[in-house]
There are 2 protein chains.
Amino acid sequence: MGRVSDAKMRLMDAVLELLWTGSYGSTTIDQICEKAEVKKGSFYYFFESKSELAAEALAASWQDRQAELDRMFSPMVPPLERLRKYCDFSYKIQQEIKQKYGRVLGCPQFALGAEVCTQEDRLQKKIQEILDYKRRYIESAIRDAHAAGLVHAPDAAAKARMILAYYEGVLTQARIQNDVEVLRDTVGGMFAMLGVKEETAAAV
Amino acid sequence: MGRVSDAKMRLMDAVLELLWTGSYGSTTIDQICEKAEVKKGSFYYFFESKSELAAEALAASWQDRQAELDRMFSPMVPPLERLRKYCDFSYKIQQEIKQKYGRVLGCPQFALGAEVCTQEDRLQKKIQEILDYKRRYIESAIRDAHAAGLVHAPDAAAKARMILAYYEGVLTQARIQNDVEVLRDTVGGMFAMLGVKEETAAAV
DNA sequence: CATTTTCTTTACTAAACAGACAACTATAAA
DNA sequence: TTTATAGTTGTCTGTTTAGTAAAGAAAATG
């Protein structure tokens, strides 16, 4: 009962866009409100701080993303093909982003995580959680690839951490250089790290 | 002639520490001045903005770092050992940093680059320049390793970009997770990417 | 239709902030 | 010892910022 509103959602959309196209420290509550067309009084009705809004918005956007990852990393998909799909997907997303904003923006969690990790503990926890979810998708693909004899990776967890670091590193490099082409052969680096033979790689 | 001063240097030291332990957006000119024990009037005597100070400070600190890299990447050092020395060096630095600040701080250029790339053009250019210098060290090591038959890497430039992305990714992950152990086997990932055989890797 | 609840709006405070300026001080060189 | 130069200081400006509070408007429910 009572009045209904989508202001909360508009605030979450606004903050995500501002964080991604700019940075956490440079986006103000006033800016967020202006972009969301919400008065500051309403902002404080829904959230108690910028960091709380950011954490909630990140969590919500991860929910959406997760559904897509579930499809890409389905056990029905051959394990190495999962990684390829993931890289193709990132490449496509970044191309669209560049079309839309005139800039490659990379991975919002990773960029934000590196920025706020020494300052915003609550937000930081949420980001670590999301990055850990990502790692698990990769880890299960590696484990399946190992079981199928496609790669030799007895320690799938360590390999997954390595590959995630590489993946995020490449995306961040693309952001810094504002160049999607950096992402062209991301999967090549992953396969090299896993010691996938060239013939196998080509077949995937 | 005239009065002498080390205020400029103090300001550069202060901003580097604040950027590294915090972020660009969250450090204010007042904070920098306070840490450097310099009045704001003097700040504006030496620099016209925070971004100019940051760019100069980054360039100066890179100069120091470069001498160490020249030693590590000397053509007198076997090419794969250069990479190993580089990883060992990073690990040691981050351990010291964690001792000193209670936190792993990763790579200042990369973190800063990801934060400001959509906003501070001048600063961004300087960061890209420094990251490109780093890439060249790695590239020449790879080229020499290829020439020596240690690895198969006809496109050394592309491989170097990959390895730099991985290296920076791992450092950033260490920052986000505040854990040096993430860096323990950085060189293992590099060698895997280069397809170095285990026997060779152990020998380096 | 009334009333309770949910949301919105406006106006406000106090602090932090960037940036400018004129007066002041130290010192290297003439 | 003078003087030009390089650097310092305190004070002031206006603006942007986070955050509050109280009154008002819409709508779901009885």
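To find a chain, count down the sequence lines: A is the first, B the second, and so on, and within it residues start at 1.
- When B:Lys50, B:Lys40, B:Lys39, B:Lys35 are each tested for a salt bridge (Lys or Arg N to Asp or Glu O under 4.0 Å) with B:Asp30, only one passes: B:Lys40.
- A salt bridge does not link B:Lys125 to B:Glu129: none of the charged nitrogens lies less than 4.0 Å from a carboxylate oxygen.
- Between A:Glu68 and A:Arg65 there is a salt bridge, since a side-chain N of the basic residue sits under 4.0 Å from a carboxylate O of the acidic one.
- Between the CG atom of A:Leu11 and the C1' atom of C:dC7 there is a distance of 12 Å, given to the nearest Å.
- B:Asp30 places its CG atom 14 Å from the C1' atom of D:dT17, with the value rounded to the nearest Å.
- For the pair B:Val4 and B:Thr27, both in contact range of DNA chain C, the more 5′-proximal nearest nucleotide belongs to B:Thr27.
- B:Gln94 contributes a side-chain N or O that, together with a main-chain N or O of B:Gly106, makes up a donor-acceptor pair within less than 3.5 Å.
- Axis angle across the helix from C:dC1-D:dG30 to C:dA30-D:dT1, with five pairs used at each end and values rounded to 10°: 10°.
- Atom P of nucleotide D:dA23 and atom OH of A:Tyr45 are separated by 18 Å, given to the nearest angstrom.
- Within the structure, every side-chain polar atom (N or O) of A:Ser49 is placed at least 4.0 Å from both OP1 and OP2 of D:dG19.
- Residue A:Phe46 is the one, among A:Phe46 and B:Gln31, whose nearest nucleotide of DNA chain C lies closer to the 5' end (criterion: closest heavy atom).
- Not a single donor-acceptor pair under 3.5 Å links the side chain of B:Tyr24 to the backbone N or O of A:Gly25.
- To the nearest angstrom, P of C:dC7 lies 9 Å from NZ of A:Lys8.
- Straight-line distance from the CZ atom of A:Phe43 to the C1' atom of D:dT20: 14 Å, rounded to whole Å.
- Interface remark: the A:Arg3 side chain does not form any donor-acceptor pair with the D:dA28 base, using a distance-only criterion of under 3.5 Å.
- Along DNA chain D, the nucleotide closest to B:Ala7 and the one closest to A:Gly2 are compared, and the more 5′ of them pairs with B:Ala7.
- In this model, the phosphate group of C:dA20 is not approached by any side-chain N or O of B:Tyr44 to a distance below 4.0 Å at OP1 or OP2.
- The side chain of A:Ser5 places no N or O atom within less than 4.0 Å of a non-bridging phosphate oxygen (OP1 or OP2) of C:dT6.
- Under the 4.0 Å criterion applied to side-chain N and carboxylate O atoms, B:Arg135 and B:Asp132 are assigned as salt-bridge partners.
- An OP1 or OP2 oxygen of D:dT8 is reached within less than 4.0 angstrom by a side-chain nitrogen or oxygen of B:Ser42.
- Rounding to whole angstrom units, NZ of residue B:Lys39 and P of D:dA6 are separated by 24 Å.
- Applying the 3.5 Å distance criterion, the base of D:dA18 shares a donor-acceptor pair with the side chain of A:Lys40.
- The distance between atom CD of B:Glu120 and atom C1' of C:dA18, rounded to the nearest whole Å, is 13 Å.
- Atom CD1 of A:Ile32 is separated from atom P of D:dG19 by 11 Å (rounded to the nearest Å).
- Take A:Tyr137 and apply the ring-ring contact (aromatic ring centres under 6.0 Å, His included) test, not counting sequence neighbours, and it matches A:Phe73.
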